[in-house]
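Since the structure is predicted, the reported quantities are computational estimates derived from the model, not experimental observations. Order of listing sets the numbers, starting from 1, for every ligand and every atom in it.
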Amino acid sequence: MVNLQVGKPQPDLMPLEENYSLKRHNTFGVEAIARYFAPVRHVEELAEIAIGDLWKSMPVLVLGEGSNILFTRDVGGLVLKNEIKGIAVMRETADEVWLKVGGGENWHQFVMFCVGNHYAGVENLALIPGSVGASPVQNIGAYGVEVKEVIEEVGAWHLEQHDLMRFSNADCAFGYRDSVFKHAYRGKLMIVWVVFRLSKHPRFRTGYAALREELERMGVKELSLETISEAVIRIRSRKLPDPAKIGNAGSFFKNPQVSMAQYEALKQRYPTMPAYPGEHETMKIAAAWLIEQCGWKGYREGDAGVHQHQALVLVNYGKATGQQILSLANRIQQSVYERFGIMLEREVNVW
Ligand code: EPU
């Protein structure tokens with residue numbers, strides 16, 4: 001087991017790059033230049049940016065693995081890339097384990113670490129691109145599980161107040177692809193560690209139809225953390241483009257949640273429209289279906305396009321600019337609104 005101290009102090013100063021390309025640091029693979037760029041490997045390094053007035057007059061952007069951002073312009077300030085590593089066992093009982101994980105750890109590697117150690121709770125979230133520090137921000141979720149179910153505490157550095165804040169699960173105000181980090185604290189924090197509370201007695205979540213079907217196809221007789229994560233990996237690899245090959249940031253829009261009345265009216269007109277119960281007595285409608293109905297699935301214009309197997313995923317086939325992808329997204333939003341009266345909300349952050 002890896003057992004590192006999260007954010008162990010180092011004497012060397014934070015290295016700073018000037019006029020640095022962010023192309024390799026965003027999974028859309030679009031070009032954008034950062035005026036300044038610094039990888040942050042230890043919490044203590046963040047205190048350094050409190051020194052000097054330079055940063056006070058500039059925007060500061062925190063970046064994880066860049067898998068949920070679309071750059072449409074350069075960053076005329078400082079980009080801080082979270083590279084804080086480490087996985088430490090905080091506490092352990094016969095039934096549960098509490099892991100403190102550095103915000104810069106890769107999410108999928110963390111999931112595989114848990115599966116390998118028989119810690120249950122994140123196996124349905126295998127292969128989601130991105131970092132551990134980004135996972136609470138949008139409350140990542142897939143195949144019937146959301147990360148909020150296993151988050152005990154979040155530690156974040158306040159970039160203006162220059163101190164460490166701790167958020168309990170309740171403080172995070174988690175919702176569907178939502179948290180306090182997207183609202184009151186938007187752009188103000190770097191999440192330096194997350195404490196996960198995982199179980200040693202798995203409760204397998206196979207309610208999601210696609211997951212059950214995949215497990216059947218694999219001929220799985222006995223469920224395990226390995227077989228579930230493997231099934232999720234297979235579904236995702238088949239349906240979603242690999243950002244290393246085709247630029248993308250996963251679902252570009254959220255699935256819209258509409259009132260029961262609006263849902264009933266739509267269902268009358270479109271009986272095959274896929275929908276599931278949402279939050280606060282709403283119905284969640286499959287945005288991919290809405291987009292596909294408007295004829296966008298597989299659409300391509302230059303190097304910007306809509307993925308051929310998942311209409312919710314916008315892609316960069318090579319040289320698309322952030323502006324071109326955003327323009328395509330805006331037109332999709334417009335056409336879905338005109339046809340269904342639903343304004344899709346972006347899941348991806350636009351800079
Ligand atoms: N569908 C279409 N056309 C398509 C794709 C899907 O009509 O091109 C329909 C399917 O038939 C299905 C429904 O849409 O009935 C839902 O599709 P899917 O199961 O692929 O899930 P999704 O709602 O499109 C959400 C998450 C994904 C997550 C999957 C699996 C959001 C915004 N997206 O997608 O998360 O992996 O469920 O749980 O909630 C992400 O957030 O980046 C992401 C990939």
S.K.: Any idea which protein heavy atom is nearest atom 43 (C) of ligand 1, and the distance to it?
M.R.: S251 OG, 3.1 Å
S.K.: Note the single closest protein heavy atom to atom 3 (N) of ligand 1, along with its residue, its atom name and the distance in Å.
M.R.: E292 OE1, 2.6 Å
S.K.: Is R177 in contact with ligand 1, taking contact as a heavy-atom separation below 4.0 Å?
M.R.: yes
S.K.: Do the charged groups of R217 and E214 touch, with an N to O distance under 4.0 Å?
M.R.: yes
S.K.: Does only the side chain of Y276 get under 4.0 Å from ligand 1, or the backbone, or both, or neither? Count heavy atoms.
M.R.: side chain
S.K.: May I ask you to identify the nearest protein heavy atom to atom 24 (O) of ligand 1, giving residue, atom name and distance to one decimal place in Å?
M.R.: Q310 NE2, 2.8 Å
S.K.: Report yes or no: does a heavy atom of R236 sit under 4.0 Å from some atom of ligand 1?
M.R.: yes
S.K.: Any side-chain heavy-atom pair from W98 and E152 closer than 4.5 angstrom?
M.R.: yes
S.K.: Hey, could you give me the CG/CG distance between L63 and N68, rounded to the nearest 0.5 Å?
M.R.: 11.0 Å
S.K.: Between the side chains of S21 and E31, does any donor sit under 3.5 Å from an acceptor?
M.R.: yes
S.K.: Any non-hydrogen atom of Q138 lying under 4.0 Å from ligand 1?
M.R.: no
S.K.: Among R205, R203, R197, which one satisfies salt bridge (Lys or Arg N to Asp or Glu O under 4.0 Å) with E149?
M.R.: R205
S.K.: Only heavy atoms of A286, strictly under 4.0 Å: list the atoms of ligand 1 that pass.
M.R.: 13 (C), 14 (O)
S.K.: Is atom 10 (C) of ligand 1 near the protein, in the sense that some protein heavy atom lies at less than 4.0 Å from it?
M.R.: no
S.K.: Do the side chains of L225 and F204 get nearer than 4.5 Å, heavy atoms only?
M.R.: yes
S.K.: Between the side chains of R331 and S327, is a donor N or O closer than 3.5 angstrom to an acceptor N or O?
M.R.: yes
S.K.: For ligand 1, which is the ligand I care about here, please tell me if F253 has any N or O atom under 3.5 Å from one of the ligand's N or O atoms.
M.R.: no
S.K.: Considering F252, W289, Y208, which one's heavy-atom position lies nearest to atom 37 (O) of ligand 1?
M.R.: Y208
S.K.: If the plane angle is over 60° it's perpendicular, under 30° parallel, otherwise tilted; pick one for F113 and F110.
M.R.: parallel
S.K.: Can you name the atoms of ligand 1, numbered from 1 with element, that are less than 4.0 Å from a heavy atom of Y176?
M.R.: 31 (C), 32 (C), 39 (O)
S.K.: Heavy atoms only, cut-off 4.0 Å: how does A288 contact ligand 1, side chain, backbone, both, or neither?
M.R.: both
